[in-house]
Amino acid sequence: MELWSKDLNTIVTSGFYNAMTCKNAKYSYSTLIVIGYYLSGYCTQIQCDVTTGAVATRSQINGSW
């Protein structure tokens with residue numbers, strides 16, 4: 001799925017995404033992997049910059065990033 005200018009704080013459903021110019025993103029153009037947990041308010045995002053190959057991760061824990 002492609003995400004254009006979305007807020008990554010709202011992307012918590014497990015899946016693979018192409019993220020371009022998104023709010024709360026480490027990189028402007030990236031592939032995003034989201035691993036959701038069965039409880040609401042918990043997930044992990046792995047963002048891979050397509051221009052440099054750099055990787056960043058972040059997690060939502062009890063609703064906070």
Side-chain angles (χ1 to χ4, degrees):
M1 174 183 275
E2 297 206 358
L3 305 173
W4 286 94
S5 302
K6 300 285 185 185
D7 183 350
L8 292 191
N9 286 353
T10 65
I11 310 301
V12 296
T13 301
S14 295
F16 295 88
Y17 304 87
N18 292 320
M20 287 76 64
T21 62
C22 291
K23 183 178 176 185
N24 294 306
K26 175 84 173 174
Y27 310 113
S28 295
Y29 300 95
S30 65
T31 300
L32 179 70
I33 302 167
V34 178
I35 304 163
Y37 191 62
Y38 74 97
L39 292 175
S40 179
Y42 295 85
C43 80
T44 297
Q45 294 179 343
I46 304 166
Q47 191 179 21
C48 305
D49 187 336
V50 297
T51 61
T52 66
V55 176
T57 63
R58 69 188 197 134
S59 293
Q60 183 186 55
I61 300 170
N62 200 24
S64 296
W65 289 98

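All residue numbers refer to positions in the sequence shown, counting from 1.
Within the structure, every pair that satisfies the side-chain hydrogen bond (donor to acceptor under 3.5 Å, both in side chains) test and touches residues 12-23, not counting sequence neighbours, is listed here: Ser5-Thr21. The list of side-chain hydrogen bond (donor to acceptor under 3.5 Å, both in side chains) pairs with a residue in residues 29-48, not counting sequence neighbours, reads Ser30-Gln47, Thr44-Ser59, Gln45-Arg58.
Taking each heavy atom of Tyr27 and Cys48 in turn, the nearest pair found is CD1-C, 4.5 Å.
Inter-residue side-chain proximity for Cys43 and Trp65 is flagged as met; some heavy-atom pair is nearer than 4.5 Å. Within the 4.5 Å cutoff, no side-chain heavy atoms of Val34 are placed close to those of Leu8.
Linking ILVMFWY residues whenever their side-chain heavy atoms come closer than 4.5 Å, directly or via other members, leaves Ile11 and Phe16 in distinct clusters. Met1 and Leu32 fall within the same hydrophobic cluster, where Ile, Leu, Val, Met, Phe, Trp and Tyr residues are linked whenever their side-chain heavy atoms come under 4.5 Å apart, directly or through other members.
A distance of 11.0 Å separates CD1 in Ile33 from OG1 in Thr57, rounded to the nearest 0.5 Å.
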